[in-house]
Structure formats: structure tokens, C-alpha cells
Amino acid sequence: MPTIEILPQTQSTHSHHGVNWAYTTLPPAHSVSGTLPSGTSGRGQRARANNYENSAARQRQINARISELEKDNYRDVVIPIPKSDAKRASYRSRHTATQNVRRVLQSQKTFVNHLADEEALHPGVAAPTSQQRNDDTTAGVGSDDEMDIDTPETKAREEEDGTPPVIMIGGNILDGGPPLGYARAVSRPSKQAERKFCEICGYWGNYRCGKCGARYCDTHCMALHLETACNKLYR
Amino acid sequence: MPPQTLVVDNGSYTIKSGFASENATLDDCRLIPNCLARSRDRRVLVASQLETCRDFGGMMFRRPVEKGYLVNWEAEKEIWDLTFLDKESPLACQPQSTNLLLTEAPNAPVSLQNNTDQMVFEEYEFSSYLRCVAPSLIPWNHIPSLFDPSTTPTPSPPLPAEAALIIDTGFSHTHIVPTFSGQPYNTAIRRLDIGGKFLTNYLKELVSMRTWNMMDETHIMNTVKETTCFVSSNFSRDLERCKRLSPSDNPIVRDYVLPDYNTGKLGFAREHVARKSGPAGGDGDDEQVMVLSNERFCVPELLFNPSDIGVKQAGLAEGVMQSLEMVPDQLKPALLANIVIVGGNANIPGLKERFEADLRPMAPTEAVVRVAVPEDPVKAAWTGGVRYTGSADFRRRLVTRVEYMEHGLHWAQRKMAGEDPVAGGELKETSAERDRRENRSHKKRRMD
Ligand SMILES: [Zn+2]
Ligand SMILES: [Zn+2]
């Protein structure tokens with residue numbers, strides 16, 4: 001018996017789409033919601049879809065999908081530690097664990113719990129902005145033309161005992177400061193416009209479903225979308 | 001200090017581990033799955049026991065490292081015990097006569113660092129120990145020879161690269177870490193929440209939406225990803241090809257023949273063969289073929305355009321520029337000329353070339369941009385760690401178990417951070433610091 005089922009609703013995406021259809025090559029960022037021959041997107045519908053796409057509900061759907069993609073398993077599962085065998089007892093030299101060890105081993109906290117604790121202990125420690133840093137570090141440094149790390153102003157000073165060299169800038173030892181912490185180290189959003197893709201086949205999603213706001217690329221994918229996925233894309 | 005040092009790069013997907021030696025090679029580093037896995041017949045396999053498994057169908061995973069950070073010691077202890085204490089393990093050691101160099105991801109919560117340090121000293125009783133950020137070990141490899149193979153490594157004692165920008169793109173996430181003399185430049189570290197797991201799950205989702213339901217087949221889809229995915233050098237062109245060309249005319253289309261666990265046949269990728277798609281026909285051909293087209297490059301594309309799926313973070317090249325904003329101007333050129341990409345995703349074909357092409361126009365025109373991927377990007381932190389154990393800096397930061405017992409956790413952590421707890425005399429602790437160290441807040445006295 002096959003261990004994998006084929007989904008009944010969908011079919012190969014490569015077979016025959018795009019018959020009698022003029023594709024657009026507009027870059028997706030500038031794509032507009034066009035009017036399909038079947039006339040699904042009237043002005044009012046388009047406006048609703050547009051609002052929907054930027055709505056909090058849509059954002060919640062996207063966030064739910066993202067956290068779905070971060071999971072280790074598709075379904076929730078509890079995998080217990082296997083029952084200890086006789087051999088395991090001999091792993092340890094001592095027979096009693098310290099209080100710390102017992103606490104650590106019993107902890108069922110998740111990463112999110114630990115982050116929340118960290119945040120509670122150190123609320124609102126702002127990261128230095130790039131402007132502040134540049135002001136700090138360029139003070140007393142030579143001209144901007146000197147970009148080499150080996151200029152007289154930025155010198156690697158090698159310790160004689162073999163410890164790593166210390167990089168000097170304007171008479172100060174280079175120091176990137178303490179860690180920012182998890183929350184503040186995340187990269188900012190991109191400056192690029194978001195690209196939109198057909199949610200059926202992955203091609204540019206130049207059209208929007210008037211009912212649910214999902215993107216699709218042509219009549220073939222639109223039909224598939226209406227038949228199988230409309231309003232239930234993100235489960 | 002005992003002569004034997006164990007270097008453990010404790011990743012969320014695999015533990016990269018082995019004993020340090022002057023002539024250590026990549027073969028001395030073992031990859032141990034950092035997970036418990038449950039098979040369809042409900043057997044639980046721990047760490048390297050997975051290698052004995054032949055049926056990965058429907059396999060479920062429990063990973064002690066969550067989002068890149070060691071969170072669950074109940075599970076990690078099971079894995080470490082089997083890996084480092086079981087006499088039959090090739091990595092078996094007597095912790096009481098072994099030094100441990102252990103890695104963590106940047107910006108780990110202090111409570112998790114405390115837990116790890118306590119387990120290392122109080123449960124495993126390693127003789128001495130140093131915990132450090134994994135990307136900070138990369139510059140201890142000989143970086144110049146990555147860019148110019150004719151240069152020869154420095155003789156011992158090893159020294160780190162003066163400046164190197166490390167991109168560590170692993171299973172849980174991707175970090176951009178500028179380093180100077182092997183020290184991470186903390187305020188410039190940037191994280192992108194896309195890693196190998198996310199890519200595998202995305203591929204799984206796309207395939208399940210389009211053809212086969214693979215939602216429970218994480219292991220197979222990880223293999224499919226590793227054997228078929230690539231980073232496109234021209235995304236629009238390849239997307240057009242996949243739209244316009246028939247599968248037999250499209251050079252991007254590949255077949256992945258799914259493994260058959262009933263007969264023990266392994267899965268494999270091949271050039272596309274035109275045939276009925278879907279499950280076996282009645283002609284005796286029982287191959288189950290997954291046809292892959294734009295999925296092959298749309299999946300790794302997330303590393304460059306996370307917003308394609310709604311993740312509101314910059315991709316690799318833009319992330320590097322955000323990181324560089326925090327670095328003094330006169331040091332930026334040295335970083336741009338020494339970019340090293342490590343971690344499992346560095347193995348995706350085309351990734352280095354695409355990254356370079358994306359970054360070049362963002363960097364100042366006069367700057368030299370050089371990008372390298374080490375021979376084995378997964379083991380690069382380990383090999384760097386091995387060289388690091390021969391350095392004076394390692395010996396200076398290493399904390400002995402005796403010191404830990406005598407001076408406590410906070411003292412040990414300051415020494416590992418490179419401060420000089422001895423010269424400073426008695427450490428003055430504020431109550432907030434003590435709370436932080438002892439992993440407690442006033443809010444939180446609940447049972448956990
Ligand atoms: Zn489509
Ligand atoms: Zn719809």
C-alpha cells in the first residue's frame with residue numbers, strides 16, 4: 001500500500017494551464033488587479049479585496065501560517081523520554097542530582113516563556129541607533145578616505161602572549177557593546193515592495209479573488225482556487 | 001587542565017562534535033541528530049540511533065533546541081548521555097577529565113545560559129568549560145585561504161581573522177555576525193527567522209497543496225529539499241520558464257521518486273520523465289513520483305525575500321547592510337571583503353553566487369566584496385573551535401569546575417565573557433543581577 005495519498009481535489013499544475021490566455025509580464029510589485037474575462041472583480045469587489053488584503057484578519061492568517069511553518073511536526077505530538085534501561089544508571093557517577101539540576105530537568109518552559117522572563121527583567125533596553133554609533137566611533141578618527149583596517153588610526157595590536165590582537169580606533173579599543181538580546185536583534189523589514197504570487201501555482205499573482213483576497217495568475221488557477229481553496233487557504 | 005578537549009557545536013538539527021587535536025580533520029567531527037524521533041511503529045529513537053532506521057515514514061521529532069536555543073534539558077540530557085557517556089559511543093568520555101568547548105546561538109536568554117552552565121558543571125561535571133557563540137569560532141579557521149588558496153595557514157598558536165562577517169544560516173534561523181579578532185560585534189548582530197526547517201516546511205506545504213499530501217513526511221521532504229532545491233540566479237526568468245514551458249521542455253523540472261518503505265527502496269531525484277503523474281497505474285510500475293518545478297527555487301528564495309511569504313524581515317543581502325550600519329565606517333570594507341557563509345543552507349546550490357549578486361549593488365561601489373563558503377559549512381564552527389582550543393584566549397576564558405564551585409555561576413560567566421574576574425576582586429552584585437543570574441523574577445515563582 002502506498003504510504004502517501006494523493007490529494008483528490010487538485011491536479012498537476014503543469015498540464016494545460018493558460019490556454020487562450022495572454023500572460024502579463026508586469027513585475028508583481030506593480031501589478032494591478034486586472035479584470036478577467038469572466039468578470040469576477042468589479043470595482044466594489046476589488047476595493048473589498050484590497051481592504052481585506054491589508055486587514056488585521058489577513059495578517060492573522062499570515063502569522064498563523066508562519067508559526068505553522070516553524071513547527072517541528074505537522075500535528076501536535078508528545079514524545080516521552082524512553083524508559084530508562086539498566087545501562088543508563090551507570091552513566092552518572094553520583095546518584096543524587098543537585099537542586100539546580102533537578103530544577104533544570106523538570107522545567108517544561110518553552111522558549112517563549114524564557115523570552116518573556118528576560119523581557120520582564122530587562123524591559124525596554126533600547127538598542128543604540130546607527131546614528132549614535134557612528135557619532136561615537138567616528139569621533140577622533142582620521143579622514144573618511146582611509147578605509148583600510150591597517151591605517152594608523154585603526155590598528156590591530158597583537159599581544160605578545162598570543163592572545164588575539166585588539167583593534168584600536170582613535171585610541172580606543174573597538175567594542176561592540178553587550179548583546180542586544182533576542183527581540184532587538186531581528187532584522188528590519190525589507191525596503192523592497194512585497195511580491196505577490198499565485199496561491200495555486202506559484203507564478204506571479206497578478207489577480208485577486210473578489211471573495212477572499214487570495215492571489216492567482218490566470219483563469220485556470222482562478223477556477224482551481226474557486227473549486228478547492230477559496231476562503232480556506234490558511235486552514 | 002586535562003589534555004582532552006571535547007568541542008561541541010550544539011545545533012538545533014545536529015550536534016557537531018569531536019575531540020580537539022592538532023591534526024584534527026573534518027572526519028574527526030561527528031554529526032549527531034539532536035532529537036528524539038518516533039517512528040510509525042511508535043519506537044522512540046534517540047540521537048544516533050536514527051542511523052539504524054530504515055523507515056522514516058510519518059516520523060515525528062522532538063528537539064531540545066527550540067528556535068536555535070537549548071531549551072529542554074530533559075530531552076537534551078537523553079541525547080548527551082547516549083552520545084558522550086555511553087561506552088559504545090565513539091564520543092564517549094570521562095567528563096571529569098575532559099574540557100568542554102560548547103557553542104550557543106547569539107543573544108541567548110540568560111536563563112537558558114544559566115541552565116546550560118549548571119548542567120555542564122553540576123550534572124556532567126566537566127573538568128573545565130567554555131561556552132561561546134558559534135559564529136565567533138568561524139574566524140579561527142584560516143580565513144585568507146578561503147579567498148586565496150595559495151595562502152598558508154598561520155603556524156600555532158592560532159590567531160583569528162582580524163575582520164570577518166559571518167553569515168550562519170542553519171536549521172532554526174540565520175544570523176549575520178560581524179567579528180573582529182574572533183569577537184562578535186554584538187550590537188551589529190542581526191537575525192533572520194528563516195532557516196532550514198522553515199524551508200522544508202514550506203516545500204512540504206507547497207507540494208501538499210499541489211500534488212501529494214506530505215504534511216506528515218517532514219523527513220522525506222527535508223531530503224527532497226536537499227537533493228532538488230537551488231537558489232535561482234534569475235528568479236523572474238525561472239518563474240516564467242516554469243509557467244510557459246511544458247515539463248518536458250523545461251530544464252528546471254525534476255522528478256523525485258519517493259522512497260518505498262515496504263520494499264526498502266530509497267528515494268532519489270532524476271531528470272523529468274514524461275509519464276502519468278500521481279499514484280501507480282495498473283502497468284506494474286509502482287513508482288510514486290513527485291514532479292517539482294518552481295518549488296525548487298521558490299523555497300530557498302525565502303532566504304533572500306522573506307516577504308514572499310509575509311515574514312516582515314529583510315533578506316540576506318539587505319540584512320548584511322543593516323548589520324553594517326552599526327559598524328564604524330572604517331571597518332566596513334574589511335568586513336565586506338571577508339564574508340563567510342556557514343550552516344546547512346550554505347550547501348544550497350547557487351546561494352553564494354546569488355548572495356554576492358544581491359549584495360554587490362547595495363555595497364559602496366569602491367568596496368571589494370568577497371564571499372566564501374568553507375569546504376564543509378556545517379562543520380566550520382567545529383573546525384574553528386578545534387583551532388581555538390589551542391589559543392591563549394581559550395585558556396584565559398576557560399572556567400574550571402573547581403572555580404565554579406568556589407566562585408559561583410556569575411563569576412564563571414564573567415570569566416567566559418573575557419572579563420577578568422580575578423583582578424576585579426570581589427564581585428559586587430546588584431539584586432537585579434542576582435535575580436537574572438538565578439533565573440527568577442518576582443512575577444515568577446510558579447511551578448514550571
Ligand atoms: Zn497560477
Ligand atoms: Zn477566493
Side-chain angles (χ1 to χ4, degrees), chain A residues 2-7 10 12-14 62 66 69-70 72-74 77 79 81-82 91 98 100-101 104-105 107-109 111 114-115 117-118 120-121 128 130 133 137 147 149 154 156 161-165 167 169 174 176-182 185-190 194-195 202-203, chain B residues 36 38 44 57 60-63 66-67 71 73-74 78 81 85 107 109 111-112 115 118 122-123 157 160 162 180-182 185-187 189-192 198 201 210 212-213 215-216 243 247 277-279 294 298 307 310 312-314 318-319 322 325-326 328 330 333-334 392-393 436 441 448:
Chain A
T3 59
I4 298 147
E5 310 159 54
I6 191 161
L7 290 182
T10 57
S12 168
T13 50
H14 310 291
I62 291 172
I66 290 170
L69 291 172
E70 288 175 340
D72 280 317
N73 302 295
Y74 174 53
V77 61
I79 300 178
I81 304 290
Y91 285 163
T98 67
N100 285 328
V101 168
V104 172
L105 287 178
S107 170
Q108 293 302 316
K109 277 193 199 172
F111 181 68
H114 285 279
L115 263 194
D117 291 351
E118 182 101 337
L121 284 170
S130 64
R133 281 224 70 84
T137 49
M147 302 290 270
I149 195 166
T154 65
D161 62 357
T163 53
I167 294 178
I169 289 198
L174 179 69
L180 288 183
Y182 181 84
V186 70
S187 73
R188 293 192 306 271
S190 169
E194 230 174 83
R195 309 190 289 192
Y203 186 65
Chain B
L36 309 181
R38 197 181 69 189
V44 176
M60 306 278 207
F61 297 95
R62 172 174 173 186
R63 304 186 190 279
E66 188 193 341
K67 296 212 180 237
V71 170
W73 265 104
E74 187 198 24
E78 197 65 20
D81 283 0
L85 302 184
N107 290 304
S111 56
L112 292 177
N115 289 354
Q118 286 165 341
E122 299 183 26
E123 169 66 19
E162 248 170 43
F180 297 103
S181 294
Y185 197 82
N186 286 320
T187 42
I189 296 177
R190 288 293 173 271
R191 186 188 71 255
L192 159 61
F198 200 96
N201 282 343
R210 294 173 190 176
W212 298 88
N213 181 3
M215 291 312 281
D216 277 327
K243 178 72 178 176
S277 66
N294 63 19
C298 286
S307 61
K312 298 206 181 319
Q313 297 171 8
E318 244 184 308
Q322 288 183 16
E325 286 171 14
M326 309 302 289
Q330 60 272 45
D393 192 62
R436 185 176 151 92
S441 69
D448 60 13

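Residue numbers start from 1 in every chain, and the chains themselves are labelled A, B, ... in the order their sequence lines are given, proteins ahead of strands. Computed over heavy atoms, backbone and side chain alike; hydrogens, waters and symmetry mates excluded.
- Side chains of A/I81 and B/R62 form a contact here, defined as non-hydrogen atoms less than 4.5 Å apart.
- Annotation: the span from A/Y203 atom OH to B/C298 atom SG amounts to 12.0 Å, rounded to 0.5 Å.
- Within the 4.5 Å cutoff, no side-chain heavy atoms of A/Y74 are placed close to those of B/N201.
- Looking only at atom types and distance, the side chain of B/S307 has no donor-acceptor partner in the side chain of A/E194 under 3.5 Å away.
- In this structure, A/D72 and B/F61 approach most closely via the heavy-atom pair CB-O, 4.2 Å.
- Considering every non-hydrogen atom in both B/V44 and A/P82, the closest pair reads CG1-CG, 3.8 Å.
- Between the CD atom in B/Q330 and the CG atom in A/L174 there is a gap of 9.0 Å [rounded to 0.5 Å].
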How far apart are the C-alpha atoms of A/I66 and B/F198, what are their side-chain angles, what is the distance that settles it, and do they pass the side chain to side chain contact (heavy atoms under 4.5 Å, CB included) test?
CA-CA 9 Å; A/I66 290 170; B/F198 200 96; 4.0 Å; yes

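- Looking only at side-chain heavy atoms (C-beta outward), A/D117 and B/P109 stay at 4.5 Å or farther from each other.
- Among residues two or more places apart in sequence or in another chain, the side chain to side chain contact (heavy atoms under 4.5 Å, CB included) test is passed with B/N107 by A/P179, A/L180, A/A185, B/Y69, B/I189.
- With B/N186 contributing its side chain and A/G177 its backbone, the two residues share a donor-acceptor pair below 3.5 Å.
- By the 4.5 Å heavy-atom criterion applied to side chains, B/E318 and A/R188 are not counted as neighbours.
- In this structure, CD in B/E123 is found 7.5 Å from OG1 in A/T98, a value given to the nearest 0.5 Å.
- Closest approach of B/Q118 to A/V101, counting heavy atoms only: O-CG2, 4.3 Å.
- One distance of note links CD of B/E122 with CG of A/N100; it measures 4.0 Å at 0.5 Å rounding.
- To the nearest 0.5 Å, atom CG of residue A/L115 and atom NZ of residue B/K67 are 8.5 Å apart.
- Remark: B/Q313 engages A/V186, A/S187, B/L192, B/D193, B/V311 in a side chain to side chain contact (heavy atoms under 4.5 Å, CB included) (not counting sequence neighbours).
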